[in-house]
Structure formats: structure tokens, C-alpha cells
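Model, not experiment: these values are computed from the prediction. Throughout, a chain's letter reflects where its sequence line sits, starting with A, and its residues are numbered from 1.
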There are 2 protein chains.
Amino acid sequence: MTRSAELPATRDRLIAAMSDALQRRGYHGVGLSELLVEAQAPKGVLYHHFPGGKTELAIAAIQSAVSRLTSALDRLIASGADPVAALSAWMAGAEKQLEKGRFEKGCPLATVALESTAEDETIRGEIAAGFAAIRDRLSSALVASGVVPAKARALSTLIVSAYEGALMQARVAGSLAPMTETASALLQLIQSELDAVKGIR
Amino acid sequence: MTRSAELPATRDRLIAAMSDALQRRGYHGVGLSELLVEAQAPKGVLYHHFPGGKTELAIAAIQSAVSRLTSALDRLIASGADPVAALSAWMAGAEKQLEKGRFEKGCPLATVALESTAEDETIRGEIAAGFAAIRDRLSSALVASGVVPAKARALSTLIVSAYEGALMQARVAGSLAPMTETASALLQLIQSELDAVKGIR
DNA sequence: GAATCTATAGACCGGTCGGTCTAGTGTCAA
DNA sequence: TTGACACTAGACCGACCGGTCTATAGATTC
């Protein structure tokens, strides 16, 4: 064990610093030097672990964020809670995160998604795959609750859309209101949809 | 800095170039030189019209975008179409814009909203005000259709959230699907809400 | 213990960034 | 004709950008 116990491995510190930066300012908003100060690492170490430089580090950060999100989602779904309760819990968690980050930290995918151009093929692909993975999980959870597949897909896309848009509005407003309002309206939709399913059955 | 009714063409070209850039890559993603090539203007002219430089130009672009959006919304609402039809038309318009811009042009507010930090006070304020103005218009249109104010506010926030999130997903996916799916699920909610209102009446 | 390899360390580089500055140019009023 | 003024034009600047390079420390292998 070459490194001190309290500090995570250098590679992980770099990824964590990039993740944090992507949530706060996006890809073009951060400089390498700032990133390295945050990660307490010299420049050489970045290009040792990520020969592709800033881009490769960003991709790693995105992948790490996606796997964090999807596994949290999996856990939530596996817990057996009904969709409305699960979504409600998720939104409440987002509100807590927003407050904890003083409205400065958002979704690690969103900003980069909007900043990226057609040339940023790899990054875009990674983000698109991340969104798709999240939608798929939501969708199959809804199907498991009796929603027909086509409707489940539309609903899960709406959930992701609403979540991202709510985070965006809440951040610029510096207020939880957009998040809570979005959540309340959204939850009502899901509930009525599930009730309809039950009625038919 | 109040300005007479007639604006110099150059000023407008600068604003247009910035608007376009904000939709494609966001604030930090564009360079001044690129902007000036696009606007066919030399550097001096930028600082003549916008002494505050890049930031002031971005603010002007955002204000211009907001007034374009709100007046389009006003027109749509004034046309007397019922909320569902109006929203449906709006979403269809967004899809057309997405395709026209080959999925490279998104909302002029969204990217900057996510890139901005607490220090970018003016820009954030402008964006927050823009979102609020849009929500207010939607909300009062819903109230006019019989929705109770509190529910109308939540619903209008959800509409904006869904719209922004759908644009985001559609862009990275390079596909209209996230937009159409979001729209269909959302429209159904509004419809059922309005039906409920009618039932009570 | 020499050789090798991974990881750390930071000086250094060319290019580009946003921004300033000075020099014109065209228009209009006196 | 001249002076004032709004606007155009682009050379120029220091700072910072992402990225490369060489040096070295520590662990591992033979």
C-alpha cells in the first residue's frame, strides 16, 4: 500500500474532480489546472492515467456517473417499492442533493449533453447510452407494474425529461420550487396511469 | 443603456451569432473570434456595441431569445386554441426546429443555465426571469381553462421541465423519439387534468 | 543490486482566449 | 470646410488553455 489511507487513488481523485466540475460548470467551463488543484495531482499524472487528456477524463467521469445512477436505480427498483413511491423517493433525494450543493451541482450528464457537438462523438455516445440505460430501467419497472410497453416507454422518457428540466430550472432559480412542482404534477400522472391499469385489469 | 428604436444591423448580427452559438455549444464553448467571423464583424465593433464584452453580448442574446419565446407563446395563447392543442403545436414546432438544425441547435437558455455559476449573477437572473415568464404565461393559460392556480403552476413548471429535458435527450440521441414520447405522455396528463376540471364543473 | 516499470512531479510550449488600443471612415450639423 | 460623433477595422497584449517533455522516486523482478 503505497498511498496514504485517507486519500483515494489518484485516478479516482481525478475522476471525482471532473465529475464535480461537470456538475457545476460543464466541460468547457473548467480548466485543467483548476481540476488538478482540486484533485491534488500534478499534470503529468493526468496524462499517465488518461493519455487522451481532458476528453478521456470527462468520458471516464461520465461513465462513472452513469454506473452510479443506474445501480442506484436498480437498487430502488429491486426494493420492490411501487413506481410512484420509488419516483417520489428519487425526487426527494434530488432535492436533498440540490440543497446540499447549494444549487450549484446538477446532473453530470446534462451540461455536457448540451455543450457537445456532433464532433464530440464519443462523449455524446456515452451520454446517449446513459440516458437510454436509465430510460430502459424505468420502462421495465413500469411494465412490471402493468403498464403497456409503448406507454411505459413514453412515460419513462417523460420522467427523465421532467427530472432534467426540473433540475435546470431549480438551479437557475436557486429554489426547490421548480423541482417540487414538477414532481407533484408528474407523480399525479403516473398515479392516474397506474390506476387506469388497475381498473382495466 | 436605452437605445432608440432603430438598431444597427451589425448589432443584430452579433446577437444572432451569439444566439446561434448558445444553442449549439453554450457560452464557454464559443470563442470570440469564431463569433466575429460568423457575424462578419471585426473585434472593435463588438466592444463598441457591447462594452461589457462577451458577457454583455450573451445577456443581450438571452434577452432577445426570451422576448422571442414569450411573444410566440402569447400569440399561441391569444389564438384561443385549447391548451392541449396549443402545447401539441408547440411541441411539433420544436420537432421541426430540431430536424432543421440537424439536432445541433437546442434551447438558447438551457446550456447557459447549466454552465452558469453563482458568480454569473446577471446571466442567471436573466435566465431565471425568462423561465419564470414562460411558466407564468402557461400557468395563466391553464387557469383560464379552469385549472386551479396551484395545480396550474405545478403543471406549467412540468411542461417547461419536460420540454427542456426532451430537447436535451433528443439532441444527444440524434433522434426525435425522446421529444415525441415526452410530448405524448405529457399531453395525456394535461388532457386528463382538463377533463377532470370539466367533470367537476 | 541492476534493470525495469509504474507513478509522480512540474517546467515548459505554442496556440488561443477575451480584451484593449489606436487609426481610420462615413455622416451630419454648424 | 470643419469638427464632432458613431461606427468600423484590426493589430496587439498578457493570461491562460490543453498538452508534451524530461526527471525522478518507489516498487518489483531477475
Side-chain angles (χ1 to χ4, degrees), chain A residues 1-18 20-22 24-62 111-112 115-117 119-120 122-123, chain B residues 1-22 24-62 111-112 115-117 119-123:
Chain A
M1 198 62 62
T2 71
R3 89 192 97 89
S4 66
E6 62 252 28
L7 221 54
T10 310
R11 199 187 130 94
D12 290 339
R13 288 204 318 274
L14 286 168
I15 290 180
M18 179 55 105
D20 187 81
L22 293 185
R24 291 178 190 277
R25 304 111 135 315
Y27 183 77
H28 293 295
V30 240
L32 241 37
S33 51
E34 191 185 343
L35 228 41
L36 294 168
V37 168
E38 171 90 8
Q40 298 182 74
K43 203 163 244 189
V45 101
L46 198 172
Y47 288 86
H48 172 76
H49 292 289
F50 303 95
K54 194 187 182 184
T55 309
E56 190 180 336
L57 175 55
I59 290 170
I62 288 168
T111 315
V112 191
E115 284 176 301
S116 68
T117 71
E119 279 112 55
D120 311 317
T122 324
I123 288 193
Chain B
M1 201 174 286
T2 54
R3 195 163 261 286
S4 61
E6 201 69 55
L7 294 178
T10 311
R11 199 185 129 95
D12 288 341
R13 289 206 313 277
L14 286 167
I15 291 181
M18 179 56 104
S19 291
D20 187 80
L22 292 185
R24 292 177 189 277
R25 305 112 136 314
Y27 184 78
H28 292 296
V30 242
L32 241 35
S33 49
E34 192 185 343
L35 227 42
L36 294 168
V37 168
E38 170 92 7
Q40 298 183 77
K43 202 164 245 187
V45 101
L46 198 172
Y47 287 87
H48 173 73
H49 291 289
F50 304 94
K54 193 186 181 185
T55 309
E56 191 181 333
L57 175 55
I59 291 170
I62 288 168
T111 316
V112 191
E115 285 176 300
S116 68
T117 70
E119 278 112 56
D120 311 318
E121 247 183 282
T122 324
I123 288 194

Student: Could you pull out the closest heavy-atom pair between A/A39 and A/R13, with the gap in Å?
Tutor: O-NE, 2.7 Å
Student: Residues in side-chain contact (heavy atoms from CB on, under 4.5 Å) with A/T55, at least two apart?
Tutor: A/Y27, A/I59, A/I123
Student: What is the separation between atom CG on A/L36 and atom P on D/dG19, rounded to the nearest whole Å?
Tutor: 11 Å
Student: Output yes when at least one side-chain N/O atom of A/H49 is less than 4.0 Å from OP1 or OP2 of C/dT6, else no.
Tutor: no
Student: Once you round it to whole Å, what is the distance between C1' of C/dG10 and CG of A/L46?
Tutor: 13 Å
Student: Using nucleotides 13-17 of chain C, report all nitrogen or oxygen pairs with the protein that are shorter than 3.5 Å.
Tutor:
{"residue": "C/dC17", "atom": "OP2", "partner": "B/S33", "partner atom": "OG", "Å": "3.1"}

Student: Whole angstroms only, please: what is the CZ-P distance between A/R13 and C/dA7?
Tutor: 13 Å
Student: Calculate the interatomic distance between A/L14 atom CG and C/dA9 atom P; express it in whole Å.
Tutor: 11 Å
Student: Taking side-chain hydrogen bond (donor to acceptor under 3.5 Å, both in side chains) as the definition, give me every residue that meets it alongside B/E34, ordered by chain and number, with sequence neighbours left out.
Tutor: B/R25
Student: Indicate, with a heavy-atom threshold strictly under 4.0 Å, whether A/G44 touches base, sugar-phosphate, or nothing.
Tutor: base
Student: Can you list the residues that meet the side-chain hydrogen bond (donor to acceptor under 3.5 Å, both in side chains) rule with A/E56, with sequence neighbours excluded?
Tutor: none
Student: Could you work out which one of D/dG19, C/dT6, C/dT20 sits closest to the side chain of A/H48?
Tutor: C/dT6
Student: Taking side-chain hydrogen bond (donor to acceptor under 3.5 Å, both in side chains) as the definition, give me every residue that meets it alongside A/S116, ordered by chain and number, with sequence neighbours left out.
Tutor: A/R124
Student: Can you tell me how far C1' of D/dG19 sits from CG of A/L35, to the nearest Å?
Tutor: 14 Å
Student: In whole angstrom, what separates B/R11's CZ from D/dT8's C1'?
Tutor: 16 Å
Student: Provide, to the nearest angstrom, the distance between the OH atom belonging to A/Y47 and the C1' atom belonging to C/dA11.
Tutor: 15 Å
Student: Not counting sequence neighbours, which residues clear side-chain contact (heavy atoms from CB on, under 4.5 Å) with B/A21? List them please.
Tutor: B/V30, B/L35
